[in-house]
Amino acid sequence: MIEPAASPPPTLRLTVDSEALAANWRALDALSGGADAGAAVKADAYGLGVDTCVPVLRDAGCRTFFVAHWSEVASVIRHVPGEQVAVLHGVLSEADCAYARATGAVPVINSLDQAGLWSATGGGRCHLMVDTGINRLGIALAEAGDQAVAALEIDILMSHLASADERTAMNRMQAELLSEAAEAIPHHRLSLANSAGIGLGEAFAFDLTRPGLALYGGVPRDELAGHIRPVAQVQAQLLQTRNLAPGEAVGYNATFIAPTHMRVGTVSIGYADGFLRARGPGNALFHQGRALPILGKVSMDMVVVDLAAGRDLAAGDWLNVPWNIADAAQQNALSAYELLTTIGARLRTR
Ligand SMILES: *Cc1c(COP(=O)(O)O)cnc(C)c1O
């Protein structure tokens, strides 16, 4: 067998500011008032890496972690006890139920069928989602009195806000419907607010909040603005520089034509890394505050920038790739959520 050599340092990197992440959790926990804050760590902690983020959140004091899939449990329980992990998609098969019992991870039951399956396979502690208007997952309020629900041993009774980032009467209505459900369904803890929901105020916090986006630096409501620090920084290396004569083209389909002599640089990041084509022309990469506008189409592994403002730059220099998820210009094309969760695996290997 050939012993693989250690790979050289990568030409692009994602840095997670652990202190900012911990500070964001503590800020959201404090803003949750008497409630505790949990943490949504689904989608590999919104692209920033479970192995990086979960230990930081655990050490900051977080004791409840939310993932969507059973496939996400294994990486989280390397860092925290299974019983602290809640699986939002619930159980669809006996295999899901068996895996829950083997790992200690707790299903969020979403329907009467799921409730029946969980009980039939042995029951035990679970969480229950009640739909109060988003119509994705959860039992209907009218099903609250069903025997399948009565048979459950429910820790967290929860619902999910549809428009917490907006000022709308729907928020108050959803909170009232969850309170109604709480009267009909025995439970230990109540939970409603995501990141934006925490910004709505303590009346929405109940016993446990479930921030995701804001932990990682997103600011979905102005109320959170002074409390949340940026967490992710992405940088990529210049691979090559070149000079263009007037009329020469850049990239696939020659969508950029040099109007004059230009110095340009090819950078080691592309859409396979989550730098999607929507972030092409009109946006820029940066070097020490100098903007380097993007030219032509974003390729899979590369993007070309105008070096007019950085004539001193050469192959090997690191450029900052804006991953500022509060940036409005970027949000026109991509939401803050998409910006984070599309971060490619090549940026997460370190
Ligand atoms: C993803 C998710 C959250 C976290 O939402 P953010 O808007 O990222 O804070 C909370 N609750 C549920 C049910 C979720 O699916």
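In this chain, residues are counted from 1 in sequence order.
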Q.
Assess, by modelled atom type and distance only, whether the side chains of His261 and Asn243 contain a donor and an acceptor separated by less than 3.5 Å.
A. no

Q) Going by atom types alone, do Ser179 and Glu176 pair a side-chain donor with an acceptor below 3.5 Å? A) no

Q) Any idea which heavy atoms bring Ala86 and Val108 closest together, and the distance? A) CB-CG2, 4.2 Å

Q) With a 4.5 Å limit on heavy-atom distance, are the side chains of Leu117 and Leu92 in contact? A) no

Q) Under 4.5 Å between any side-chain heavy atoms of Leu285 and Val303, yes or no? A) yes

Q) If you look only at pairs with a residue in residues 221-249, which of them pass as a salt bridge (Lys or Arg N to Asp or Glu O under 4.0 Å), with sequence neighbours excluded? A) Arg221-Glu223

Q) Measuring from Cys126:SG to Leu157:CG, what's the distance to the nearest 0.5 Å? A) 10.0 Å

Q: Could you state whether Phe66 and Val76 fall into the same hydrophobic cluster, counting links through intermediate Ile, Leu, Val, Met, Phe, Trp or Tyr residues with side-chain heavy atoms under 4.5 angstrom apart?
A: no

Q) Under 4.5 Å between any side-chain heavy atoms of Thr241 and Leu313, yes or no? A) no

(Q) Quick check on the hydrophobic clustering: are Ile343 and Leu276 connected, directly or via other members, by side-chain heavy-atom contacts under 4.5 Å? (A) yes

**Q.** Minimal non-hydrogen separation, Ala162 against Met170, with atom names
**A.** CB-CE, 3.7 Å

Q | Verdict with reasoning, Met158 to Phe206, per side-chain contact (heavy atoms from CB on, under 4.5 Å) | A | CA-CA 10 Å; Met158 71 180 87; Phe206 294 94; over 6 Å; no

Q. Hey, what do you get for CG (Asp29) to OG1 (Thr209), rounding to the nearest 0.5 Å?
A. 7.0 Å

Q | Distance-only polar pair, side chains of Gln233 and Thr15, donor-acceptor under 3.5 Å | A | no

Q.
Donor-acceptor check, side chain of Gln114 to backbone of Leu128, threshold 3.5 angstrom: yes or no?
A. no

(Q) Whether the side chain of Arg279 engages the backbone of Pro322 through a donor-acceptor N/O pair (distance < 3.5 Å, no angle test) should be reported. (A) yes

Q: State the CG-CG distance between Leu319 and Leu238, to the nearest 0.5 angstrom.
A: 4.5 Å

Q.
If we ignore hydrogens and angles and just use 3.5 Å, is the side chain of Asp306 paired with the main-chain N or O of Ala308 as donor and acceptor?
A. yes

**Q.** Nearest atoms (heavy-atom pairs only) where Leu28 meets Ala214
**A.** CD1-CB, 3.8 Å

Q) Looking at side-chain heavy atoms only, is the closest gap between Asp36 and Arg63 below 4.5 Å? A) no

Q) So which of Ile154, Leu152, Ile156, Asn110 actually passes side chain to side chain contact (heavy atoms under 4.5 Å, CB included) with His127? A) Ile156

Q) Is Leu339 reachable from Ile228 through a run of hydrophobic residues whose side-chain heavy atoms are each under 4.5 Å from the next? A) yes

Q) So is Arg125 actually on top of Trp118's ring, under 6.0 Å and inside 45° of the axis? A) no

Q: Not counting sequence neighbours, which residues clear side chain to side chain contact (heavy atoms under 4.5 Å, CB included) with Gln237? List them please.
A: Thr11, Trp318

Q. Should Val267 and Val321 count as side-chain neighbours, where that means a heavy-atom distance under 4.5 Å?
A. no

Q) Do Leu137 and Val130 belong to the same hydrophobic cluster, where Ile, Leu, Val, Met, Phe, Trp and Tyr are linked whenever their side-chain heavy atoms lie under 4.5 Å apart, directly or via other members? A) no

Q. Is there a donor-acceptor pair under 3.5 Å between the side chain of Asn283 and the backbone N or O of Gly280?
A. yes

(Q) Within the structure provided, determine whether Phe275 and Leu12 are in side-chain contact (heavy-atom separation under 4.5 Å). (A) no

Q: For the pair Arg101 (side chain) and Gly123 (backbone), establish whether a donor and an acceptor sit closer than 3.5 Å, ignoring hydrogens and angles.
A: yes

Q | Nearest atoms (heavy-atom pairs only) where Arg290 meets Gly310 | A | NH1-CA, 3.7 Å

Q) Is any side-chain heavy atom of Leu21 less than 4.5 Å from a side-chain heavy atom of Tyr216? A) yes

**Q.** Closest non-hydrogen atom pair between Ser195 and Pro211, with its separation
**A.** OG-CA, 3.6 Å

Q) Can a salt bridge be assigned to the pair Arg346 and Asp301 using a cut-off of 4.0 Å between side-chain N and carboxylate O? A) yes

Q | Criterion side-chain contact (heavy atoms from CB on, under 4.5 Å) on Val250 and Met262, from CA distance to verdict | A | CA-CA 11 Å; Val250 170; Met262 291 181 79; over 6 Å; no

Q: Measure the CD-CG distance between Gln174 and Leu178 for me, rounded to the nearest 0.5 Å.
A: 9.5 Å

Q.
Please find the pair of heavy atoms, one from Val87 and one from Ala105, that lie closest to each other, and give the distance.
A. CG2-CB, 4.3 Å

(Q) Would you say Leu347 ends up clustered with Met302 if hydrophobic residues are merged whenever their side chains have heavy atoms under 4.5 Å apart, either directly or through other cluster members? (A) no

(Q) Using a 3.5 Å distance criterion without hydrogens, assess whether the side chain of Ser32 forms a donor-acceptor pair with backbone atoms of Ala205. (A) no

(Q) For Val85, run the side chain to side chain contact (heavy atoms under 4.5 Å, CB included) check against Val80, Val106, Val41, Val54 and tell me which one passes. (A) Val80

Q) Rounded to the nearest 0.5 Å, how far apart are CH2 of Trp323 and CG of Leu14? A) 8.5 Å

Q: Could you check Val91 against Thr121 for side-chain contact (heavy atoms from CB on, under 4.5 Å), going step by step and ending with a plain yes or no?
A: CA-CA 11 Å; Val91 284; Thr121 56; over 6 Å; no

Q) Backbone N or O of Gly38 within a donor-acceptor pair of the Thr64 side chain at under 3.5 Å? A) no

Q. Would you say Ser159's side chain and Leu192's backbone share a donor-acceptor pair under 3.5 angstrom?
A. no

**Q.** Sidechain-backbone polar pair: Gln84 side chain, Pro81 backbone, donor-acceptor under 3.5 Å
**A.** no

Q) How about Trp70 and Pro107: do any of their side-chain heavy atoms sit closer than 4.5 Å? A) yes

Q) Nearest 0.5 Å, what's the OH-CE distance between Tyr252 and Met300? A) 7.5 Å

Q) Is there a donor-acceptor contact under 3.5 Å from the side chain of Arg263 to the main chain of Leu307? A) no

